[in-house]
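Right, one structure below, let's go through it.
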2 protein chains.
Amino acid sequence: MIKKDNQYKFAVIATDIVIFSVKDEELNVLLIEMGKKPFKGLWAVPGGLVKPTKTVDSSAKRNLHNMIKMKDVYLEQLYTFGKIDRDPYGRVVSVAYFAIVPDSGIHLQTVKHDTSVDWFPISRLPKLAYDHGEIIHAACERLRAKLTYTNIMYCLLPEEFTLSELQKRYEIVLYKKLDKRNFRKKIGAFNLVKKTDKKTLGKPHRPANLFQFSKKRPEIIPLF
Amino acid sequence: MIKKDNQYKFAVIATDIVIFSVKDEELNVLLIEMGKKPFKGLWAVPGGLVKPTKTVDSSAKRNLHNMIKMKDVYLEQLYTFGKIDRDPYGRVVSVAYFAIVPDSGIHLQTVKHDTSVDWFPISRLPKLAYDHGEIIHAACERLRAKLTYTNIMYCLLPEEFTLSELQKRYEIVLYKKLDKRNFRKKIGAFNLVKKTDKKTLGKPHRPANLFQFSKKRPEIIPLF
DNA sequence: CAACTTAGTGTTGGTTTAACACTAAGTTAT
DNA sequence: ATAACTTAGTGTTAAACCAACACTAAGTTG
């Protein structure tokens with residue numbers, strides 16, 4: 001086993017999870033309000049220490065499920081933050097992950113809240129603890145990149161959706177307007193979605209067809 | 001400081017560095033032969049434990065420079081490997097990096113060798129220790145991806161080179177033949193290189209112009 | 001039933017890409 | 001010296017892809 005030499009007995013490993021969803025037409029992240037000094041009143045992404053008996057991945061998964069009671073949430077390792085003074089309590093190396101939750105998983109009832117927990121749009125984040133600003137920034141970049149060259153948008157939408165809703169999501173996340181006809185052409189060319197026989201009802205205008213994703217596994221496709 | 005609670009005093013953090021170069025028309029990685037049990041005789045990528053007083057990045061950089069005595073070597077964090085039993089001596093979480101060295105930095109004189117150290121083509125790796133097969137695999141994928149959408153090929157070539165050499169490098173790393181005229185058109189369109197007034201001499205055929213990269217900073221460009 | 005709102009659909013010109021072959025300028029062998 | 005050899009260097013064209021563009025369809029609301 002590990003040598004008892006003090007030099008090697010230093011490290012604490014944590015995982016931090018940036019949980020994304022779309023709310024009110026904007027990309028949001030889930031944050032927790034800190035209850036103790038020195039960051040009391042600031043907000044942080046969910047996370048926790050990695051126990052000796054657990055893999056880093058499983059620790060991330062557990063932290064995610066503590067916040068979001070849902071199966072099959074997309075979770076991906078992002079980057080490891082290893083500066084010495086990033087945590088004032090001591091040397092903590094953090095392996096950051098990001099997760100994507102669809103609208104339907106957004107209900108905060110599904111969240112245990114011993115402290116305050118809330119969604120924040122990424123354009124209006126509160127004061128953040130630790131280096132979590134940096135972590136969230138890196139996560140946004142990665143999410144955006146992944147959405148342009150993979151099909152992981154399926155993680156961000158409910159089971160059924162209209163093509164306009166799908167387009168809207170891409171516009172929100174990529175920060176740019178897309179042409180409706182070209183958009184539908186591309187979606188069609190990649191067999192990204194399949195039509196259901198349902199339509200939206202009760203909206204004050206022409207009903208839209210509802211669609212599902214044809215594949216719910218990550219795949220590389222050159223979308224944009 | 002860190003609580004003295006035993007549960008948290010477990011982790012050892014290491015860095016592992018996959019060092020790439022091109023040799024004999026193939027992508028190579030630098031490996032070290034293990035001298036001790038339980039991996040005696042197997043090979044591993046360079047690496048080492050992270051000291052409490054150093055950042056993870058600086059530990060990676062130090063490990064790199066222990067092997068390659070060169071300035072400005074490209075170094076990028078790759079992924080963190082956190083399975084419980086990846087190291088038989090105990091719980092070691094490894095932050096893996098990859099580095100790129102040009103041909104001219106390849107001389108193994110520049111390497112201190114208390115044990116054997118050697119380059120291996122990625123198609124003929126020896127038996128590897130730990131999970132280093134997995135790490136090298138991930139590094140290759142990342143390197144290949146980066147070379148297709150950035151200009152980091154400048155890290156893999158000496159200061160001056162011919163266009164044919166440049167094309168050859170891309171063919172080696174991307175595993176595919178490229179059309180000479182289309183290749184040169186693209187390289188030209190992105191101002192990737194600038195001509196010097198030198199030519200290759202002493203080769204048994206028409207001399208080629210020597211070029212340099214116009215920029216030696218990483219940049220995103222849609223090459224292939 | 002008129003006004004409103006979102007759904008849904010093709011064409012075209014411009015740009016980019018992929019496929020293709022020959023001449024130029026050296027060295028080496030005779 | 002010259003012929004044979006080898007790699008360097010250069011444009012054109014057809015096909016695919018991309019970006020820009022406007023109108024009709026089908027519901028709800030007043």
Side-chain angles (χ1 to χ4, degrees), chain A residues 22 24-25 103 147-149 151 153 157-158 160-172 174-214 220-224, chain B residues 22 24-25 103 147-149 151 153 157-158 160-172 174-214 220-224:
Chain A
V22 169
D24 305 329
E25 318 254 302
D103 289 22
L147 283 164
T148 66
Y149 70 85
N151 63 341
M153 181 56 87
L157 279 167
E160 299 184 328
F161 50 87
T162 68
L163 293 182
S164 298
E165 285 163 357
L166 178 62
Q167 181 178 342
K168 196 66 197 268
R169 280 296 192 291
Y170 277 110
E171 291 176 342
I172 289 170
L174 305 180
Y175 289 146
K176 65 177 171 189
K177 279 210 77 63
L178 301 170
D179 177 86
K180 181 157 57 154
R181 281 166 290 188
N182 293 338
F183 177 77
R184 290 171 184 225
K185 239 179 292 172
K186 188 154 312 179
I187 295 302
F190 287 114
N191 281 315
L192 203 64
V193 298
K194 57 176 188 238
K195 207 190 267 194
T196 69
D197 50 4
K198 297 186 214 149
K199 285 177 187 294
T200 53
L201 291 173
K203 296 269 173 57
H205 46 73
R206 175 174 177 177
N209 274 302
L210 286 170
F211 289 78
Q212 299 183 338
F213 281 92
S214 20
I220 306 274
I221 49 174
L223 270 173
F224 299 107
Chain B
V22 169
D24 304 328
E25 318 254 302
D103 289 21
L147 283 165
T148 66
Y149 71 86
N151 63 340
M153 181 56 87
L157 279 166
E160 300 183 326
F161 50 86
T162 68
L163 293 182
S164 298
E165 284 164 356
L166 178 62
Q167 180 178 343
K168 194 68 196 267
R169 281 296 192 290
Y170 277 109
E171 291 176 342
I172 289 170
L174 305 180
Y175 289 145
K176 66 176 172 190
K177 278 210 75 65
L178 301 170
D179 177 85
K180 180 156 59 155
R181 281 164 291 188
N182 294 337
F183 176 79
R184 289 171 185 225
K185 239 178 291 172
K186 188 155 312 181
I187 295 302
F190 288 114
N191 280 315
L192 203 65
V193 298
K194 58 175 188 243
K195 206 189 268 193
T196 69
D197 51 4
K198 298 185 212 150
K199 286 176 186 296
T200 53
L201 292 175
K203 297 271 173 54
H205 44 74
R206 176 173 177 177
N209 274 302
L210 287 170
F211 289 78
Q212 298 183 338
F213 282 93
S214 18
I220 307 274
I221 49 175
L223 270 172
F224 300 106

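Remember, predicted model here, so these are calculated numbers, not experimental data.
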Next item on the list: Check whether the side chain of K199(A) and the base of dT6(C) form a donor-acceptor pair under 3.5 Å.
Entry: no
Check: Which class fits the ring pair F224(B) and F183(B): parallel under 30°, tilted 30 to 60°, perpendicular over 60°?
Finding: parallel
Note to self: Can you work out whether P204(A) or D179(A) has the more 5'-proximal nearest nucleotide on DNA chain D?
What the structure shows: D179(A)
Notebook entry, point to check: Taking atom types as they are modelled, is there a donor-acceptor pair under 3.5 Å from the base of dA25(C) to the side chain of R206(B)?
Noted result: no
Next item on the list: Identify whether the distance between the nearest side-chain nitrogen and carboxylate oxygen of D179(B) and K185(B) falls below 4.0 Å.
Entry: no
Next item on the list: Using the side-chain contact (heavy atoms from CB on, under 4.5 Å) rule, take I187(B) and F211(B) through it: C-alpha gap first, then chi angles, then the decisive distance, then the call.
Entry: CA-CA 12 Å; I187(B) 295 302; F211(B) 289 78; over 6 Å; no
Next item on the list: For K185(B), answer base if it contacts any base atom (sugar-phosphate contacts may also be present), sugar-phosphate if it contacts only those atoms, and nothing otherwise; contact means non-hydrogen atoms under 4.0 Å.
Entry: base
Check: Is a side-chain donor or acceptor of S214(A) paired with a backbone partner of N191(A) at a separation under 3.5 angstrom?
Finding: yes
Item checked: Sugar-phosphate only, base, or nothing, as touched by K186(A) at under 4.0 Å among non-hydrogen atoms -> nothing
Check: So, does the side chain of N182(A) form a donor-acceptor pair with the base of dA20(D) at under 3.5 Å?
Finding: yes
Next item on the list: Using a 4.0 Å heavy-atom cut-off across all strands, classify S164(B) as base, sugar-phosphate, or nothing.
Entry: sugar-phosphate
Checklist line | Pair of N/O donor and acceptor under 3.5 Å linking dG9(D) base with K180(B) side chain | finding: yes
Item checked: Rounded interatomic separation in angstrom, taking CG from L201(A) and P from dT6(C) -> 17 Å
Note to self: On the side chain of R181(B), is there an atom forming a donor-acceptor pair with the base of dA21(C) - under 3.5 Å, no angle test?
What the structure shows: yes
Check: Which of these nucleotides, dG26(C), dT5(C), dT10(D), is closest to any side-chain atom of R184(B)?
Finding: dT10(D)
